[in-house]
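Position 1 is the first residue of the sequence, and the numbers go up from there. Computed from a predicted structure; not experimentally measured.
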Amino acid sequence: MSSNHSCQTWSLVADIGATNARFARKVSGSNQLLDITTVIVAGHENFTYALSYILASMRENNNWSAFPTAACLGLAARVDHEEISFLNSHWHFTRTALNEILQAESIDLINDFAAKGFGVLELSATDWVQVGGKQAQQNKPIAIIGPGTGLGVSMAIPGKNHLTVVDGEGGHVDFAPLDGLEHQIQEILSTQFDRVSAERLLCGAGLINIYKALAKIRDKPAPLATAESISLQGQQGSDPLSEETLRLFCRILGSVAGNLALTAGTLGGVYITGGIVPGMLDFFARSAFRERFEAKGRFSDYLTDIPVRVVTRHDLGLLGAANKLTLAGY
């Protein structure tokens, strides 16, 4: 710690995915975030270099102590080992190395979607756009699902004086096709992958998988190579194959999100995060997402009132990591 006792103490929070890594300084005793910085994962050779760069930039402000008192990092990785390896990027590090760099009295590593779970109750109505449903029920489970580089899932369970967050690997449940076209797509993808999970369709690479499978089924060329180009042309209506890809993506996401709501009893709402859906809000709102979300046979009425909220705030993971530290007294 800094020998200058007049410096204000702070904590480090991070939300590190496969594409972007976001860092911020958290003011002690509050969820206020300062010095928010985003780095592109692909632009840095490894995690420790990126972290050292962030800390060096933060130390330029002499009003703060040199090292954080505590840290909470939300990671798109398994966090229960000494060596942390990211599933969808080249970054990896060890807990020992992290301790040496941060020199903090408390370091908490959590799943990136656990971080989002700790953040959802801190959102305001201006931080999301609701797609169907009614009012969220108080103190009922909440689901978070996010198609991005991968497909993340978590649950937040509010209590009277506490918040429990359950993280897992719900994005890797089996893909369950519901009609003939989806069965055809599953068959095509099963020739590429040992197992077709929901994430194989509901992420950036999943958009490409759907697009190429549809091209094969429709016997059409598939010239587009990125999820961004497929999404753009699909929303513009300039490419029928891309538009069909987006429609199918939304339907499948509706099915998976509805299954999650049934499984967890998420009467507190379902929050959609990630980089894909917020970028196509108008298309998504007009899609068959909600129809599929509620299409659960005898339990359709159970889903009807559950609100689905697309989170438009970009720093939900940082907010959640900050809130977790606040709840721990930092």
Side-chain angles (χ1 to χ4, degrees), residues 10-26 33-62 64-104 106-116 118-119 146-152 167 171 199 203-208 225-229 273-276 278-279 313-322 324-325:
W10 59 284
S11 296
L12 178 72
V13 295
D15 177 22
I16 304 171
T19 303
N20 297 305
R22 297 179 175 90
F23 300 85
R25 191 197 307 270
K26 171 185 138 36
L33 300 175
L34 300 173
D35 300 330
I36 297 175
T37 304
T38 300
V39 300
I40 306 301
V41 171
H44 291 263
E45 182 179 346
N46 61 52
F47 169 78
T48 53
Y49 286 174
L51 180 59
S52 297
Y53 163 77
I54 293 298
L55 289 176
S57 65
M58 288 182 174
R59 290 189 185 116
E60 293 177 1
N61 187 335
N62 295 324
W64 301 90
S65 56
F67 295 95
T69 301
C72 181
L73 280 59
L75 311 174
R78 289 189 60 179
V79 296
D80 51 352
H81 296 113
E82 160 66 13
E83 182 164 354
I84 309 297
S85 297
F86 291 82
L87 180 62
N88 292 311
S89 84
H90 63 285
W91 275 7
H92 62 90
F93 65 93
T94 64
R95 288 176 177 269
T96 299
L98 183 65
N99 291 338
E100 292 174 353
I101 293 172
L102 292 182
Q103 300 184 34
S106 174
I107 299 176
D108 197 1
L109 304 183
I110 61 176
N111 179 267
D112 60 331
F113 268 77
K116 291 174 173 59
F118 279 105
T149 307
L151 178 64
D167 61 336
E199 186 180 76
C203 66
L207 278 173
I208 299 171
T226 67
E228 292 78 10
S229 59
T273 68
I276 296 177
R313 181 167 175 166
H314 298 299
D315 62 351
L316 175 59
L318 290 177
L319 179 65
K324 191 173 191 304
L325 284 178

Heavy-atom closest contact ([X] atom, [Y] atom, distance):
| X | Y | result |
| --- | --- | --- |
| Phe23 | Leu51 | CE2-CD1, 3.9 Å |
| Gln103 | Phe67 | NE2-CZ, 3.5 Å |
| Leu151 | Glu199 | N-OE2, 2.8 Å |
| Ile101 | Arg59 | O-NH2, 4.3 Å |
| Ser11 | Leu325 | CB-CD1, 3.6 Å |
| Leu33 | Ala322 | CD2-CB, 3.8 Å |

Relative to each other, are the rings of His44 and Trp91 parallel, tilted or perpendicular (30° and 60° limits)? perpendicular

For the atom pair [atom1] ([X]) and [atom2] ([Y]), what is the distance rounded to the nearest 0.5 Å?
| X | Y | atom1 | atom2 | answer |
| --- | --- | --- | --- | --- |
| Asn46 | Ser52 | CG | OG | 8.5 Å |
| Ile16 | Asp112 | CD1 | CG | 9.5 Å |
| Thr19 | Ile40 | OG1 | CD1 | 8.0 Å |

Can you tell if the side chain of Leu73 reaches within under 4.5 Å of the side chain of Phe47, non-hydrogen atoms only? yes

Has [X] got a side-chain atom pairing as donor or acceptor with [Y]'s backbone, closer than 3.5 angstrom?
| X | Y | answer |
| --- | --- | --- |
| Ser106 | Ala104 | no |
| Arg95 | Val79 | yes |
| Arg25 | Trp10 | no |

